[in-house]
Colleague: 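Shown below is the structure under consideration.
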Protein chains: 2
Amino acid sequence: MLKPPFPDPRPQVAQSALFQGLPPEAMDALCAAAAFKEVPRASYFLYQGEPATVFYILLQGRVRLTQVTPEGHQVIVTVLGPGDGLGIIVALSQTNYPVSAEAIEDSTALAWTAATIQQSMLEYPQLALNGMNLLARRFVELQDRFRELATERVERRVARAVLRLVRQAGKRTPEGVLIDMPLSRQDLAEMTGTTLYTVSRILSDWEQKGLVSTGRERVVLRKSHELVIIAEDLPEPNPTKS
Amino acid sequence: MLKPPFPDPRPQVAQSALFQGLPPEAMDALCAAAAFKEVPRASYFLYQGEPATVFYILLQGRVRLTQVTPEGHQVIVTVLGPGDGLGIIVALSQTNYPVSAEAIEDSTALAWTAATIQQSMLEYPQLALNGMNLLARRFVELQDRFRELATERVERRVARAVLRLVRQAGKRTPEGVLIDMPLSRQDLAEMTGTTLYTVSRILSDWEQKGLVSTGRERVVLRKSHELVIIAEDLPEPNPTKS
DNA sequence: CGCGTTCTTGACTAGAATCAATGCATGTGG
DNA sequence: CCACATGCATTGATTCTAGTCAAGAACGCG
């Protein structure tokens with residue numbers, strides 16, 4: 001973890017929702033107080049259960065938040081990208097991190113200690129409001145996924161997960177829209193509360209129907225419209241006798 | 001919705017986590033700006049999908065937050081009690097309420113508009129920190145339940161829900177610990193992502209084993225230890241050959 | 001006392017988990 | 001450059017949890 005000086009992060013930082021509407025001197029102060037952290041692929045920013053002491057803003061890369069049950073089952077709570085906050089929990093409470101954060105690509109982030117961030121929030125209240133905003137957004141999304149998990153079938157949950165990932169990390173290619181990150185069947189299973197076998201069957205099925213094409217840790221969406229139909233359970237467009 | 005004057009809420013308000021550590025003049029200002037709202041059992045504070053404009057702190061009663069899917073399935077996201085914040089989302093964003101809030105007992109609350117609460121947070125940053133704190137607590141709880149739903153069997157989920165409710169609204173009686181609110185099988189089903197039939201079977205089973213006694217919209221926990229064993233899947237205390 | 005809820009129970013079904021075997025890529029080291 | 005080890009993916013067979021549907025019982029309210 002470097003102390004300043006390091007490449008001036010302000011251009012990137014200015015984008016992040018956390019810093020919107022802050023007076024310039026606040027930005028300067030925060031950047032000065034920040035540390036710079038690089039985490040290579042497959043390494044961790046922080047571990048579930050450790051005392052929450054550091055708060056990050058992701059600059060580059062992608063990070064996935066996971067929880068493990070006492071029995072060892074893993075669940076992927078979310079995947080974060082540039083601009084997202086990591087360990088928001090820290091800003092306030094004397095708790096432990098509720099999740100682990102693993103870089104699934106080489107990543108860089110700015111880091112602050114809990115004390116610093118709290119201090120700054122008291123000094124620049126807009127920062128606290130922005131923090132709440134970030135947290136609230138994530139909260140609402142989690143609520144939606146909770147409801148999904150409680151009420152919907154596996155296939156639809158997987159469809160939604162794929163659409164979410166496309167929105168988050170989609171990249172146009174001649175083939176279709178590629179989900180631009182390593183994404184195994186196991187990963188999808190852990191995002192949707194199912195097993196890797198079931199995900200594999202579902203993707204095979206979709207592939208046969210031409211909706212996606214898949215490879216090792218790779219998913220390309222070809223007919224997004226039809227996937228949306230599955231995700232939302234719209235009536236089939238072709239009129240069939242039942 | 002009354003404007004002041006109404007019974008001075010300060011004694012109760014002072015308890016709420018939202019107001020900890022605020023200077024006294026802040027408390028005065030907030031109480032002066034508050035409106036007082038009474039909602040009888042089975043009526044709603046707010047509805048999912050409406051623009052989020054009002055923020056509440058519950059003074060008395062119990063409120064349940066529900067989400068409905070487009071298909072009409074309902075999910076109970078949480079049950080709130082006195083001191084909890086309702087519509088925290090409001091504090092910041094131009095969004096709609098993500099859930100509906102129904103009073104399951106006659107309830108009273110203090111109410112602020114979005115503008116007021118934002119204003120106050122800018123003026124008294126500690127208020128914003130406290131708000132984040134509330135939100136973060138709920139966030140972590142939701143994450144845990146999400147993981148439960150993704151990885152655990154129905155019986156265990158129901159066991160956990162019952163234990164949570166006991167913690168939240170438990171009341172000692174000669175019979176055991178009563179969950180002191182109306183609680184139907186349907187409600188438990190909507191909290192745990194299952195059906196009322198399955199909940200009924202599970203409770204019947206537990207009742208036969210003497211773990212609980214139940215009635216119409218009533219659950220009394222008799223042997224909490226054994227329910228914990230189910231909830232945590234500890235090994236059975238009696239050594240059995242398999 | 002009748003009516004509307006809520007709850008119970010049984011029979012049946014289906015969706016998805018589990019288990020097991022095998023096939024493919026990918027990267028490694030001889 | 002090929003053989004191999006490893007990790008990821010596919011597929012089939014089987015099991016089982018929990019959902020669905022249907023009928024009726026019990027409770028509490030007006």
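Quick note on labels: first sequence line is chain A, next is B, and so on, each numbered from 1.
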Colleague: With a cut-off of less than 4.0 Å, is there a side-chain N or O of B/Thr194 near OP1 or OP2 of D/dG19?
Modeller: yes
Colleague: With a 4.0 Å limit, can you tell me whether A/Arg185 has a side-chain N or O closer than that to the phosphate oxygens OP1/OP2 of D/dC8?
Modeller: no
Colleague: Check whether the side chain of A/Arg201 and the base of D/dG12 form a donor-acceptor pair under 3.5 Å.
Modeller: yes
Colleague: Check whether any side-chain heavy atom of A/Asp180 lies under 4.5 Å from a side-chain heavy atom of A/Arg62, and answer yes or no.
Modeller: no
Colleague: Rounded to the nearest Å, what distance is computed from the CD atom of residue B/Glu71 to the C1' atom of nucleotide D/dT20?
Modeller: 17 Å
Colleague: In terms of the nearest nucleotide of DNA chain D, which residue is placed more toward the 5' end: A/Arg153 or A/Ser200?
Modeller: A/Ser200
Colleague: Over how many whole Å does the gap from B/Asp187 atom CG to C/dT6 atom P extend?
Modeller: 9 Å
Colleague: Starting from C1' on C/dT6, measure out to CD1 on B/Ile104 and report it in whole angstrom.
Modeller: 16 Å
Colleague: Could you give the distance from CZ (B/Phe146) to CD (A/Glu148), rounded to the nearest 0.5 Å?
Modeller: 8.0 Å
Colleague: Nearest whole Å is fine: how far is D/dC29 P from B/Glu217 CD?
Modeller: 10 Å
Colleague: Could you measure the distance from the CG atom of A/Leu163 to the CD atom of A/Glu232? Nearest 0.5 Å is fine.
Modeller: 8.0 Å
Colleague: Is there a donor in the side chain of B/Thr214 and an acceptor in the side chain of B/Glu207, or the other way round, less than 3.5 Å apart?
Modeller: yes
Colleague: Find the distance A/Leu188:CG to C/dA16:C1' and express it as a whole number of Å.
Modeller: 16 Å
Colleague: Between C/dC24 atom C1' and A/Leu196 atom CG, what is the distance in whole Å?
Modeller: 15 Å
Colleague: Atom CZ of B/Arg218 to atom P of D/dC27: distance rounded to whole Å?
Modeller: 12 Å
Colleague: Is B/Thr198 close enough to D/dG19 that one of its side-chain N or O atoms is under 4.0 Å from OP1 or OP2 there?
Modeller: yes
Colleague: Above 12 or not: heavy atoms from other molecules or residues under 6.0 Å from CZ of B/Arg137?
Modeller: no
Colleague: Using the rule given for salt bridge (charged side-chain N to carboxylate O under 4.0 Å, His left out), can you reason through B/Asp205 versus B/Lys209, listing the C-alpha separation, both sets of side-chain angles and the distance that settles it, and then say yes or no?
Modeller: CA-CA 6 Å; B/Asp205 185 39; B/Lys209 293 177 182 158; 3.2 Å; yes
Colleague: Once you round it to whole Å, what is the distance between P of C/dC7 and CG of B/Leu183?
Modeller: 9 Å
Colleague: Identify each atom pair where a protein N or O and an N or O of nucleotides 22-25 of chain D are less than 3.5 Å apart, giving names and distance.
Modeller:
none

Colleague: So which of residues 202-216 of chain B are in contact with DNA chain D, with a heavy-atom cut-off of under 4.0 Å?
Modeller: B/Arg216
Colleague: State whether B/Thr195 places a side-chain N or O below 4.0 Å from either non-bridging phosphate oxygen (OP1 or OP2) of D/dA18.
Modeller: no
Colleague: For A/Glu71, is the CD atom crowded, meaning more than 12 foreign heavy atoms sit under 6.0 Å from it?
Modeller: yes
Colleague: Okay, side chain of B/Asp84, backbone of B/Gly81: is any donor-acceptor separation there less than 3.5 Å?
Modeller: yes
Colleague: Is the ring pair B/Phe45/B/Tyr56 parallel, tilted or perpendicular, if the boundaries are 30 and 60 degrees?
Modeller: perpendicular
